[in-house]
Amino acid sequence: MVGMERILELQIIYLVLVGLVAFAWAGDGLLNPSHLEMFVDELPDMPKIKGYDVVNGFPVPTSLQIGMFHKKWKFHRDLPPTPVFAFGLSRDTATIPGPTIETLHGIDTYITWKNYLPSKHILPWDPTIPTAIPFTKKGIPTVVHLHGGIDEPKSDGLSTAWFTAKFRERGPTWTKKKYHYHNFQHPGTLWYHDHAMGLTRVNLLAGLLGAYIIRDPNLEAPLRLPYDEEFDRPLVVFDRSFRTDGSIYMNSTGNNPSIHPQWQPEYFGDAIIVNGKAWPHMIVRRRKYRFRIINASNARFFKFYFASGLGFIHLASDSAYNGRPVMVNDILLAPSEIADVVIDFSKSKSDSDILANNASYPYPSGDPVNEANSKIMKFIIKPHHELDTSRIPSKLISYPSPNLSSVSLTRYIALYEYTSKIDEPTHLYINGKPYEAPVTETPRVGATEIWNVINLTEDNHPLHIHLGLFVALDQTELLNIDEFKDCMLKFNDAIKCHIGKYTRGKRIKVPAHEKGWKNVYKLMPGYVTRILVRFSYIHSNESYPFDATAEPGYVYHCHILDHEDNVMMRPLKFIK
């Protein structure tokens, strides 16, 4: 964590650096996405790494070393190779997104994340927000968080547990090189990504992200869902803008440059990337496929739908199965949300279909989509029907329903956005507090709590709680919100501000496909979202096989990365 004195010192230096960077990039203009033809590249399937070994026919724990490398990547047939940061077992095999790590329930995976990145970043960044900065000013801080993982604090990837190449410099809460992933939780789709303080948005833009799957054959095989590498595939979706030389474009000037020389409240790119290719195509058979769709964008929401009206059979939301499959015509995914779906191409009446998007940006009240970002990818469907032995069961995997009688505590969590004299965002806080303020959320291990999350901003914020899983109960509109907001800005106390007087507006029910256990939920602006949070396994009554009360603890935050970095994130510390 950077102190305020150091921030002021670095701000002067950085103003000069920003000018130099902007001058250096002036010769390479922003690429018009219409210059790139859609659907010319085939959808890649990312390399797979097994998070276990097999000895005498039985799976056993394994140790992996996965590196972060600086290399070039082809996002499109007609785009010059792009400098990126990529995960992989070696520089030559590193990919964007990184390899899909396949694990088994109950079999431990150990990973040493190794930083092979250069001394300087390929994208502009802003030290006037709380940022991981090496003492020597050399090296790129990184730390990997397994999103959705239920693991010990030392392996959670806390933002201040960063490290540079060869672990030369380490953040104040860094503890060890080898991370321990227990994989003891329920089966489902997770993803891993960088989480370094103040650099998460730029490290992910550079490419540091990938899918992680926990399988439980004993539970999942009887479901007879589409399976194997051909018919069960992650789709990692995000947006990027490019310069004509192929480099990733990120604005080098902030919306309040006299306060934050570079930081912007949201990053949006017009080119839509799926598994590392811009607007790819996939040739599919006329049968069922399972897709684990991960929104890995910095700030863009996607509302996925098919132009033809072909629907989605929704199996799981984030890392947990629904109790039953739900048929939906469209799916709204916030940054970091996951939709596990089956698409049955035998139902299509044509030989191709386009997966499209119509979510405004910023969501929900921003600009409408344009020609470039309204298209995701194209499916080319083979003409002949074929035997398909997979099925959609009437029941999936059920977990115990939320038990309100077991709630031990009710909390009020308020989200604020602060603006400058020119009415441009300067920073965002949770409960009116910076990240470094003393911890205020201290649940007991195994506790069940109700969190009333009050969104006093104009944006929809995807809330992510590390270690915790939750069920959304309802969302209630705040009436006379300006009056209530004035009181909250003064007292920062929902009870003192008589929140019950204002939560009398429209009540929004949770969509059927999002009623199960989640690790991210979309918080509507001007609403109070009531969630039941559980700090224990949802599939068993067993306690964690690790000490969740240990240092350095956990966090919860908005998963719009530009908000998280500045600094819509707070510490979460467990007690016994």
Side-chain angles (χ1 to χ4, degrees), residues 1-11 14 123-133 141-143 145 147 156-162 171-173 193-205 250 254-267 298-299 334-336 362 413-420 424-441 451 453-466 488-489 492 520 523 552-573:
M1 179 62 66
V2 179
M4 288 304 298
E5 297 85 358
R6 195 172 172 203
I7 287 176
L8 293 172
E9 174 190 345
L10 288 166
Q11 185 171 2
Y14 193 68
L123 294 170
W125 53 276
D126 193 332
T128 64
I129 63 176
T131 303
I133 302 178
T142 61
V143 61
H145 169 58
H147 179 109
D156 188 60
L158 196 70
S159 296
T160 50
W162 54 266
T173 60
H193 61 80
D194 179 77
H195 210 260
M197 178 66 71
L199 297 171
T200 302
R201 70 198 190 287
V202 291
N203 286 349
L204 264 74
L205 274 180
M250 184 181 189
N255 59 316
N256 286 296
S258 63
I259 301 171
H260 299 305
Q262 183 277 325
W263 180 82
Q264 292 266 354
E266 288 100 9
Y267 174 91
N298 280 35
S336 82
I413 309 290
L415 310 182
Y416 299 91
E417 180 179 78
Y418 303 87
T419 58
S420 65
E424 285 286 337
T426 56
H427 61 287
L428 303 98
Y429 280 166
I430 297 176
N431 285 341
K433 299 180 186 300
Y435 175 79
E436 63 270 19
V439 62
T440 50
E441 281 65 58
W451 287 22
V453 191
I454 308 161
N455 188 351
L456 298 174
T457 80
E458 296 180 359
D459 291 326
N460 190 313
H461 298 281
L463 177 71
H464 175 47
I465 303 175
H466 289 213
M488 288 293 288
L489 287 169
N492 192 34
V520 177
L523 307 177
Y554 301 89
V555 292
Y556 68 98
H557 58 86
C558 169
H559 221 292
I560 293 175
L561 303 182
D562 316 271
H563 296 177
E564 173 188 341
D565 276 353
N566 190 26
V567 169
M568 208 172 218
M569 178 167 66
R570 287 286 293 145
L572 185 65
K573 189 73 174 68

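Hydrogens, waters and symmetry mates play no part in the numbers below; they use all other heavy atoms, side chains included. Starting from 1, each residue takes its place in the sequence as its number.
Distance alone, capped at 3.5 Å, places no donor-acceptor pair between the Asn298 side chain and the Asp562 backbone. For Thr160 (side chain) and Pro172 (main-chain N/O), no donor-acceptor pair under 3.5 Å exists by modelled atom type. For the pair Asn431 (side chain) and Lys433 (backbone), a donor-acceptor distance under 3.5 Å is absent. Side chain of Asp156 to main chain of Leu158: no donor-acceptor pair is present (N/O by atom type, distance under 3.5 Å, no hydrogens or angles). Checking side-chain atoms of Arg570 against main-chain N and O of Pro438 turns up a donor-acceptor pair under 3.5 Å. Between the side chain of Thr457 and the backbone N or O of Asn455, no donor-acceptor pair lies under 3.5 Å. Side-chain atoms of Asn256 come within 3.5 Å of backbone N or O of Pro425 as a donor-acceptor pair.
Side-chain contact between Met250 and Gln264 is absent, with no heavy-atom pair separated by less than 4.5 Å. Within the 4.5 Å cutoff, the side chain of Glu441 has heavy atoms near those of the Tyr556 side chain. Taking 4.5 Å as the limit, some side-chain heavy atom of Pro141 sits within range of a side-chain heavy atom of Leu199. The side-chain heavy atoms of Asp126 and Arg201, taken from C-beta on, include a pair separated by under 4.5 Å. The closest side-chain heavy-atom distance from Val555 to Tyr435 is below 4.5 Å. The closest side-chain heavy-atom distance from Asp459 to Glu266 is below 4.5 Å. Inter-residue side-chain proximity for Met488 and Tyr416 is flagged as met; some heavy-atom pair is nearer than 4.5 Å. When side chains are defined from C-beta on, Ile430 counts as touching Leu415, because their heavy atoms get closer than 4.5 Å.
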side-chain contact (heavy atoms from CB on, under 4.5 Å) between His145 and Thr200: does it pass, once the steps are laid out?
CA-CA 10 Å; His145 169 58; Thr200 302; over 6 Å; no
Evaluate the side-chain contact (heavy atoms from CB on, under 4.5 Å) criterion for residues Ile129 and His427: first the C-alpha distance (whole Å), next the side-chain angles of each, then the deciding distance (0.1 Å), finally the verdict.
CA-CA 9 Å; Ile129 63 176; His427 61 287; over 6 Å; no
For Leu428 and His461, what are the C-alpha separation, side-chain angles and deciding distance, and is it a side-chain contact (heavy atoms from CB on, under 4.5 Å)?
CA-CA 11 Å; Leu428 303 98; His461 298 281; 3.9 Å; yes
Checking Trp263 against Asn255 for the side-chain contact (heavy atoms from CB on, under 4.5 Å) test, could you report, in this order, the C-alpha distance in whole Å, the side-chain angles of both residues, the deciding distance, and whether it holds?
CA-CA 7 Å; Trp263 180 82; Asn255 59 316; 3.9 Å; yes
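Between Ala196 and Thr142, the closest heavy-atom pair is CB-CA, 4.1 Å. Of all the heavy atoms in Gly553 and Lys573, the pair that sits closest is CA-CD, 4.3 Å. Annotation for Thr128 and Pro261: closest pair OG1-CD, 3.5 Å, computed over non-hydrogen atoms. Here the shortest heavy-atom pairing between Gly157 and Val143 reads CA-CG2, 3.7 Å.
Residues His557 and His466 place their aromatic rings such that the two centres sit under 6.0 Å apart.
Ring geometry for His193 versus His195: interplanar angle of 30 to 60°, hence tilted.
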